Amino acid sequence: MDLSTSIAQSHQIPKSPVKMLHILLLFSFLLSSSPAAAKDFCVADFKATQGLAGYQCKVPEEVVVDDFVYSGLNVAGNFSDISKSTINTSFVDQFPGLNGLGLSMARLDLSLGGVIPMHSHPGSSEVLLVTQGSIIAGFISSNNIVYTKTLKKGDIMVFPKGLLHFQVNSGPVPALLWSSFNSSNPGLQVLSNALFSNNLPSELIEKVTFLDELEVKRLKALFGGSG
Ligand SMILES: *[C@@H]1O[C@H](CO)[C@@H](O)[C@H](O)[C@H]1NC(C)=O
Ligand SMILES: *[C@@H]1O[C@H](CO)[C@@H](O)[C@H](O)[C@H]1NC(C)=O
Ligand SMILES: *[C@@H]1O[C@H](CO)[C@@H](O)[C@H](O)[C@H]1NC(C)=O
């Protein structure tokens with residue numbers, strides 16, 4: 001058989017395989033189109049066990065509109081005596097509809113003189129909006145350059161992923177701030193808690209921070225640490 005006949009033959013596809021191809025195409029279209037609706041979202045199933053990758057998806061038939069609505073940010077959380085502030089988060093652990101969407105929010109309230117102490121979100125960048133009051137906000141880059149600015153109502157500022165940052169109420173009224181994150185579970189690590197609210201031995205803290213013993217003991221007492 002020469003080349004031209006073999007090409008000609010390959011074009012003469014018999015009738016029944018064409019039909020089968022159509023059926024296959026239709027079948028795969030049906031298969032891919034009906035579960036496509038299920039892939040629109042993966043509402044966290046708080047009842048199922050959580051794997052390494054996070055929450056499992058709630059069965060689509062059990063998903064309701066309230067999975068996509070969270071009303072827990074309509075009031076401030078409890079104020080801390082130490083920082084005179086409160087952070088009320090709507091991360092995926094509180095708000096199941098966020099699961100898998102790479103988004104979350106938080107509400108920050110600062111009384112007069114209040115601060116959100118130095119902290120970081122290991123897995124997420126943040127954008128912060130001031131809706132009441134005035135604050136000094138800032139972050140420190142990984143080569144220790146400080147970026148700080150006084151923000152007033154309506155200003156927004158971004159805090160790049162993982163960097164240490166803070167907010168301080170600069171008065172003269174309480175401040176209300178709203179943050180959003182590009183993660184449904186951004187994490188929140190407060191530096192003073194990392195150092196002083198656990199059982200890391202004081203001698204080690206003194207060594208690694210260059211603080212003196214009295215100051216370490218004072219801060220351990222303040223933040224509830226031991227050792
Ligand atoms: C956030 O506010 C809600 C009330 O809307 C409350 O149930 C929740 O405990 C608060 N969270 C924190 C961390 O204070
Ligand atoms: C806030 O304080 C109230 C009253 O002391 C307490 O019942 C509640 O559990 C606290 N909420 C949080 C999130 O700590
Ligand atoms: C959020 O954005 C940063 C870049 O700013 C990226 O490195 C990070 O992976 C993102 N986080 C998630 C959970 O997608």
Side-chain angles (χ1 to χ4, degrees), residues 39-46 48 50-58 66-130 137-149 151 155-167 169 174-194 196-198 221-225:
K39 282 187 197 132
D40 286 347
F41 46 75
C42 172
V43 170
D45 185 352
F46 289 153
Q50 212 178 332
L52 273 180
Y55 289 104
Q56 295 177 36
C57 309
K58 204 169 163 182
D66 283 345
D67 290 321
F68 302 105
V69 176
Y70 182 71
S71 302
L73 299 188
N74 55 0
V75 294
N78 287 344
F79 282 81
S80 141
D81 291 338
I82 303 171
S83 64
K84 297 185 190 152
S85 69
T86 172
I87 304 174
N88 197 328
T89 56
S90 64
F91 296 169
V92 68
D93 289 347
Q94 293 91 40
F95 187 3
L98 290 178
N99 194 47
L101 300 184
L103 293 165
S104 61
M105 290 191 74
R107 168 192 175 133
L108 301 87
D109 292 76
L110 291 80
S111 304
L112 280 182
V115 314
I116 305 292
M118 193 71 82
H119 66 280
S120 73
H121 310 283
S124 174
S125 300
E126 171 177 356
V127 56
L128 174 101
L129 165 69
V130 181
F139 68 85
I140 300 164
S141 72
S142 52
N143 51 358
N144 299 318
I145 297 171
V146 180
Y147 298 85
T148 181
K149 175 108 179 161
L151 307 178
D155 288 343
I156 64 175
M157 181 168 177
V158 288
F159 304 92
K161 181 177 108 164
L163 300 183
L164 286 166
H165 59 284
F166 59 86
Q167 289 90 21
N169 190 350
L176 176 58
L177 321 172
W178 299 89
S179 283
S180 56
F181 303 89
N182 72 317
S183 165
S184 58
N185 195 11
L188 168 64
Q189 185 168 39
V190 179
L191 186 58
S192 33
N193 290 86
F196 307 115
S197 62
N198 53 31
L222 187 63
F223 288 99

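Numbering of ligands and ligand atoms starts at 1, following listing order. Just the heavy atoms: all of them, side chains too, but no hydrogens, waters or symmetry mates, feed the values below. All values reported here derive from a predicted model rather than from experimental measurement.
A donor-acceptor pair is defined here as one N or O able to donate and one able to accept, closer than 3.5 Å; no such pair exists between the side chain of Ser179 and the backbone of Met105. Judged by distance alone, the side chain of Asn198 and the main-chain N or O of Ala194 form a donor-acceptor pair under 3.5 Å.
Relative ring orientation between Phe41 and Phe68 is described as perpendicular, the plane-to-plane angle rising above 60° on a 0-90° scale split at 30° and 60°.
The one candidate from Phe159, Phe91, Phe95 that meets the ring pair (Phe, Tyr, Trp, His ring centres under 6.0 Å) condition with Phe181 is Phe91.
Checking Asn143 against Ser141 by side-chain atom types alone, a donor-acceptor pair falls below 3.5 Å.
For ligand 3, the 4.0 Å heavy-atom shell contains residues Gly123, Ser125, Lys161, Asn182, Ser183.
Counted within 6.0 Å of CD1 on Ile82, heavy atoms from surrounding residues, nucleotides or ligands total more than 12; the atom is thus considered enclosed.
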